[in-house]
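No hydrogens, no waters, no symmetry mates; every other heavy atom, side chains included, goes into these values. If you read the sequence from its start, that first residue is 1, and numbering goes on from there.
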Amino acid sequence: WGHDEQITRFAQCFLHEIATGGMGEHLYRDSLFTSFAIHLLRHYCTQPAKLPASKGGLSKKRLRQTLEIIHESLDQPLSLATMAAAVGLDVYYFSRLFRQSMGTSPYQYVLQQRIEKAKRLLKQSNMSITDIALECGFNTSSQLSRHFRKIVGMSPQKYRQKVINDK
């Protein structure tokens, strides 16, 4: 495979999360694992992905399509109607099936993924908080800060400082 920096970063994130835990740790680990799996599938898989059998949630194909749409659209407005239409379902039914499949609502999943992207950018770049907010699909830096504080437990600025000090 050669050296893949993305896999190295995933491993570092996994190790850090196992060592520190924190608020929303299960959700964070699950979304980190999902992102890792998607990376492996996109870059190393020669056969179609095999997702676990659906237990009343979205079919494998629809779940895969939905997750791809979400991960490719984190920097853009993404409505429930857009996600539902992309997999050919009405909004209410899609939302219910997504929750059964992922254990959380589509809105919460998208929000969590945007925060994870913001965390990566805070760690790996010198972008301003405003630019990171826009890159992660938030309208303003205060919107990012509010959601970030709620999920991570600290402001983006404090998170960036903590990451720098932990190095």
Side-chain angles (χ1 to χ4, degrees), residues 4 6-7 9-45 47-124 132-139 143-154 156 159:
D4 185 332
Q6 190 74 16
I7 291 176
R9 285 192 293 272
F10 279 120
Q12 290 169 341
C13 289
F14 278 122
L15 290 172
H16 179 72
E17 184 60 23
I18 289 168
T20 61
M23 190 168 121
E25 65 184 285
H26 296 295
L27 183 58
Y28 176 66
R29 283 188 208 151
D30 290 347
S31 46
L32 187 59
F33 177 77
T34 301
S35 298
F36 178 63
I38 289 170
H39 175 78
L40 291 177
L41 290 172
R42 286 186 177 165
H43 298 281
Y44 300 103
C45 194
Q47 295 180 356
K50 291 185 172 131
L51 296 175
S54 177
K55 294 181 177 101
L58 290 166
S59 68
K60 293 176 190 179
K61 180 180 177 186
R62 284 181 168 151
L63 181 58
R64 184 181 307 113
Q65 287 174 320
T66 302
L67 294 177
E68 284 179 7
I69 289 166
I70 290 170
H71 289 275
E72 291 169 1
S73 305
L74 290 176
D75 62 337
Q76 306 163 29
L78 185 61
S79 71
L80 193 57
T82 301
M83 289 184 277
V87 295
L89 297 172
D90 74 55
V91 173
Y92 175 76
Y93 190 53
F94 168 77
S95 184
R96 194 178 68 164
L97 293 179
F98 186 92
R99 182 182 290 277
Q100 286 176 335
S101 297
M102 298 300 292
T104 189
S105 71
Y107 171 78
Q108 286 298 322
Y109 182 81
V110 170
L111 182 60
Q112 182 66 34
Q113 295 307 303
R114 287 181 169 158
I115 296 298
E116 291 307 317
K117 183 175 180 178
K119 286 169 69 176
R120 283 191 303 276
L121 291 172
L122 287 164
K123 285 181 189 177
Q124 300 166 1
I132 289 174
L134 296 174
E135 182 70 23
C136 296
F138 295 100
N139 295 324
Q143 186 184 32
L144 166 64
S145 293
R146 184 175 67 251
H147 290 295
F148 197 94
R149 191 174 288 112
K150 197 179 294 183
I151 291 173
V152 179
M154 65 181 77
Y159 180 82

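- Looking only at side-chain heavy atoms (C-beta outward), L144 and I115 come within less than 4.5 Å of each other.
- Taking CZ of R62 as the start and OG of S59 as the end, the distance is 5.5 Å to the nearest 0.5 Å.
- Proximity of I132 to F138: side-chain heavy atoms (C-beta onward) are nowhere separated by under 4.5 Å.
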Exercise for the section: Go through the steps for K117 and D75 under the test side-chain contact (heavy atoms from CB on, under 4.5 Å), then give the verdict. Expected result: CA-CA 10 Å; K117 183 175 180 178; D75 62 337; 4.1 Å; yes
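- Considering all non-hydrogen atoms of both residues, P106 and F94 come closest at CG-CE2, 4.0 Å.
- For the residue pair Q108 / Q112, no side-chain donor-acceptor distance below 3.5 Å is found, with atom types taken as modelled.
- Inter-residue side-chain proximity for K61 and V87 is flagged as unmet; no heavy-atom pair is nearer than 4.5 Å.
- Looking only at side-chain heavy atoms (C-beta outward), L80 and Y107 stay at 4.5 Å or farther from each other.
- For the atom pair C136 SG and F148 CZ, the distance stands at 9.5 Å (nearest 0.5 Å).
- The main-chain N or O of L78 is never found under 3.5 Å from a side-chain atom of T82 such that the two would form a donor-acceptor pair.
- Considering CE of M83 and CG of L58, their distance stands at 10.5 Å, rounded to 0.5 Å.
- Atoms OG and NZ, from S145 and K150 in turn, are 12.5 Å apart once rounded to the nearest 0.5 Å.
- In this structure, OG1 on T66 lies 10.5 Å from NE2 on H71, to the nearest 0.5 angstrom.
- Considering every non-hydrogen atom in both Y93 and D90, the closest pair reads N-OD1, 2.8 Å.
- Between the CZ atom in R120 and the CZ atom in R9 there is a gap of 9.0 Å [rounded to 0.5 Å].
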